[in-house]
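Below: one structure, written as C-alpha cells.
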Amino acid sequence: MHLYGGTVAEAARQVGDEAFIAALEQRFGRIFGVAPRPEEVQSWRRSWPALTQILCAARLDSVHLLLEYSLPATGERIDALLVGATVEGRLCAVAIELKQWTRAQLSPARPGMVRTGERVVQHPARQVGGYVHYLQQWVSREDFPLTVRGAAVLHDAPADLITALRAQAARGPASIYPVLGRDDLTPTPSAEALAQRLGCADLRHTNRAEVERLLQVEHRPSPALLARAGDVIEGREAFALIGDQDLARQEVLHAVDAARERGTKSIVVVTGGPGTGKTVIACRLLGDLCRQRGSNPRLLSPSGTLTRQLRRTVGDDFRGLIATFLNKVPAGITTDSVVLLDEAHRARTYPDHQRTDFPLILGKLLSQAAVTVLFLDERQIVRPTEGVTLKELEQHAQRTGSSFTHIDLTTQFRCNGSRAYQEWVDQLFQPEGPGPAWAGNDYDLAVANDPEQFIDWVTLHSNKGLTARVTAGFCWPWDSPPTPPLQPEVEITWPGRDGPRSWAYPWNARADEPDFDHPNVPARPFWATDIGGHEQVGCIYTAQGMEYAYNVVILGDDLVRQGDQWIANPRASRDSQLRDLPPHRYLRYALNTYRTLATRGTKGTRLYSTDPTTQTYLQTLIPSRSV
C-alpha cells in the first residue's frame, strides 16, 4: 500500500496544493485505518515540495515516486520510494527517509539513536538501512529481482549536524547509506552529481506495468532470510530443548506435516503452566520451519514486550518473522503459512469474548494460515478483553472443519525446576479452600516482613550481578510521565518499632525505548532484563512472559484473604480495564495476575501483602526463614 504514486514531475506539480494534501489525508484513513497525526500532515507540507524540487534538480523527473510506501510485515512506512530502471534494465527502488531537522542531540553511548526535540528516534541512516534490508529480504527474489538502495535526506540540516550524523553512522553497518543535508542537495557541480549523491545516477524511467508489479508483489521472507534465521535459532543455547519440550516440538512438526499432506487447516494447541517452556518451543519451531523448503512461518505474540525481547535475542533483522499480534492479522500470512502464536491467552478479543461466538481477529488468523500453533495457559488470562480457552479452540476447529491436536506440557523448567512450587502456587491462588502449607526444599520461598526486608534481598542479588525484580498488583497510581524521571508512586506504610515507616518506588517506565538522558532506566520491554530494572516496580503487563532469577510479589488490597477464601476488591485497583467489574468477575483476573507474578522467579520468590490479615495468612503457610 502507498499514499500516492506518480512520476516525480507529476508529484512536483501537486504537492504544494492544499487540496492535494487534504485528499491524501482522507486516503490515508481509508488505506491505513487511522487518521494521520497533525504533525505528520505538517511534515508532508514541508518535506514533499522540498523532495520533489531536489529530484527535479537532479533530472529525475521521469522516475516514479511512491509516497508513504507501506512495509506490511513491520507496520512501518517509507517516506518516499523512487522506482526506476538501471542502465542494465533491472528494476531499482531507492528508499528515502525525509527529515526536517535543523539540530539534534547525539550521544556516543547510544550511536544508533538521535534526540530531536522531545523525541528519541533511530539514526536516519539506520532507519534507511532497515528499509533496504526489508525490501531485499521480503520483496526481491528470483521471480522478482529488485535492486535496492537508500538515502537519508535532511533537507534543512546544516553542515555541522550532517558531519556529526555521518561520524556516528560510520561506526556501524549504516555507514553505507548516505546522509545528505542542505548543502548536499543542490545540483553542484551538476545535476548528475546530485543524482549520484542520492544513489540515483543510473536510474531511468520504467513503465508503469513494472511499478504495478512492485505494488502487487507478495511480501514474504526470502529463502536466504529464512535460512539465516534457522541457523541463528539453532545456534542459540537459550532455545535448546529437553524432555517434554522436545517431545512437544516433535508432535507439532508431525501435525504440521500431516496438515500439509492432507491440505486441510490445522489447529494445534500446546498448553502448560508458567515455566513449562512454551516460548522456547515456539522459538525452536520457528527455526525448524525456517529450514523447510517453501516455508512462510511467523512467530507472533500479543505481548509487545515478549516480541521485543525475542527480536533482541534472535536479531532485529528477523523482525518481520517475529511480530506482535494485536487488532489485525499481520500481512504476508498465506495458505501455506505456519503461525506460532505464543502467549495465546493474551490474544485480544474485543470487546469481550463472552459476547461473540469466537474472537474475530483470532478467527481470521486461524482461517488464513495453513497451520496455527497456539501456546496457551488459561490461568494467565488477566483482562476481560483477552483470552481464549482450549475448549473454545476445539469447538472452533469443529465448526470450521479444521484438524485439531492438543499437547499438554507438565515438566517444570522455571522456579528451579520445582514442580512442588508450581503446584503450591496453583493451589494458593484458587478462589477458595484451605491454603497449602509450603513444605518444599527445592525453591527459595519466604514471606518478607516489610518492604525494607525485600528490598535488601533484591539489592543483595542485584549486587551479585543476578536479575532480581519487584512486582506488584496494579493498586497504586501510575501518573508519571512515560520517560524518566519516574515518580515513586508505589508507596507502602507499615508500623515500625519507633513509629510508622514508609517505602516508595516508581513503576517501570512506560516508554518502549530507553530515555536518551537516563540510560540506566530500562524501557518497558526490557525492564525484566536490563540494568536498573531492580529499581522500579513492574506490573503484570510488564512481567508476563518474562523471567528473572529472584522475584518479589506485592499483593495489594485488591485481593485479600478472609477465612478459606479470597475476596476481591476491584475498587482498590487502579486498572481502568478492571476496576469497574463486579467483585465476582474481578476475582478471576486478580487470582490469575498474582499467580502469574508469583511464577516469574527462576531461583526464589518473596511474597508480601499490604493487607495485615493476608500477610498473617501467608506467614502461616510458609515457615519463617532468614530473608
Side-chain angles (χ1 to χ4, degrees), residues 382 425 428-431 435 438 445-459 468-480 486-508 534-544 550-579 581 583 586-601 604-622 624-625 627:
V382 298
V425 169
L428 174 67
F429 290 111
Q430 292 290 344
W438 170 246
L445 175 65
V447 176
N449 293 329
D450 54 55
E452 289 180 347
Q453 194 174 63
F454 67 62
I455 286 300
D456 287 346
W457 187 71
V458 166
T459 303
R469 295 294 184 266
V470 180
T471 57
F474 199 171
C475 296
W476 288 267
W478 200 335
D479 300 324
S480 288
L486 307 175
Q487 303 303 312
E489 295 178 297
V490 181
E491 185 173 5
I492 299 173
T493 301
W494 72 97
R497 292 181 180 179
D498 302 322
R501 301 185 63 81
S502 64
W503 165 88
Y505 254 33
W507 289 109
N508 60 260
H534 68 290
E535 296 178 333
Q536 300 96 43
V537 178
C539 72
I540 182 62
Y541 307 117
T542 314
Q544 194 168 20
Y550 294 96
N551 176 32
V552 172
V553 181
I554 304 172
L555 284 74
D557 290 348
D558 62 331
L559 184 69
V560 299
R561 189 74 180 188
Q562 291 184 10
D564 280 353
Q565 62 181 343
W566 290 100
I567 303 298
N569 178 19
R571 301 308 300 172
S573 173
R574 298 298 183 117
D575 192 329
S576 60
Q577 296 276 336
L578 300 174
R579 62 177 305 164
L581 292 177
Y586 182 85
L587 179 62
R588 175 197 182 196
Y589 303 118
L591 290 170
N592 285 357
T593 291
Y594 288 114
R595 170 187 177 265
T596 301
L597 292 179
T599 54
R600 301 302 94 191
T605 292
R606 295 295 180 263
L607 301 177
Y608 176 82
S609 175
T610 56
D611 174 64
T613 301
T614 306
Q615 175 75 351
T616 300
Y617 167 73
L618 294 173
Q619 289 170 332
T620 65
L621 300 179
I622 304 171
S624 61
R625 59 183 296 174
V627 176

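- Under the 4.5 Å side-chain criterion, counting only non-hydrogen atoms from C-beta, Trp476 is not in contact with Tyr505.
- Taken from CG in Asp450 to OG in Ser502, the straight-line distance is 11.5 Å, to the nearest 0.5 Å.
- With no hydrogens or angles considered, no side-chain donor-acceptor pair links Asp558 and Tyr589 at under 3.5 Å.
- A side-chain donor-acceptor contact under 3.5 Å links Thr471 to the backbone of Val552.
- Heavy-atom contacts from other residues, nucleotides or ligands closer than 6.0 Å to CZ of Arg501 number 12 or fewer.
- Side chain of Gln536 to main chain of Pro506: no donor-acceptor pair is present (N/O by atom type, distance under 3.5 Å, no hydrogens or angles).
- Remark: side-chain polar atoms of Trp507 are paired, donor with acceptor, to backbone N or O of Pro477 under 3.5 angstrom.
- Between the side chain of Thr614 and the main chain of Arg561, a donor-acceptor pair closer than 3.5 Å is present.
- Checked against Val560 for a side-chain contact (heavy atoms from CB on, under 4.5 Å), the options Thr610, Leu555, Asp611 give a single hit: Asp611.
- With 3.5 Å as the limit, one finds a donor-acceptor pair spanning the side chains of Glu489 and Ser480.
- Ring-plane geometry between Phe454 and Trp503 is classed as perpendicular, the angle between the planes exceeding 60 degrees on a 0 to 90 degree scale with a lower cut at 30.
- Taken to the nearest 0.5 Å, the CG atom of Leu428 stands 7.5 Å off from the CG atom of Leu607.
- In this pair, Trp457 and Tyr550 present their aromatic rings perpendicular. The plane angle is above 60°, beyond the 30 to 60° band.
- The closest side-chain heavy-atom distance from Ile540 to Leu597 is below 4.5 Å.
- In this structure, the side chain of Trp478 does not engage the main chain of Asp575 through any donor-acceptor pair within 3.5 Å.
- Judged by distance alone, with hydrogens and angles left aside, the side-chain atoms of Arg469 form no donor-acceptor pair with the main-chain N or O of Val537 at under 3.5 Å.
- In this structure, Tyr594 contributes its side chain and Gly556 its backbone to a donor-acceptor pair below 3.5 Å.
- For Tyr608 and Trp494, the ring centers sit 6.0 Å or farther from each other.
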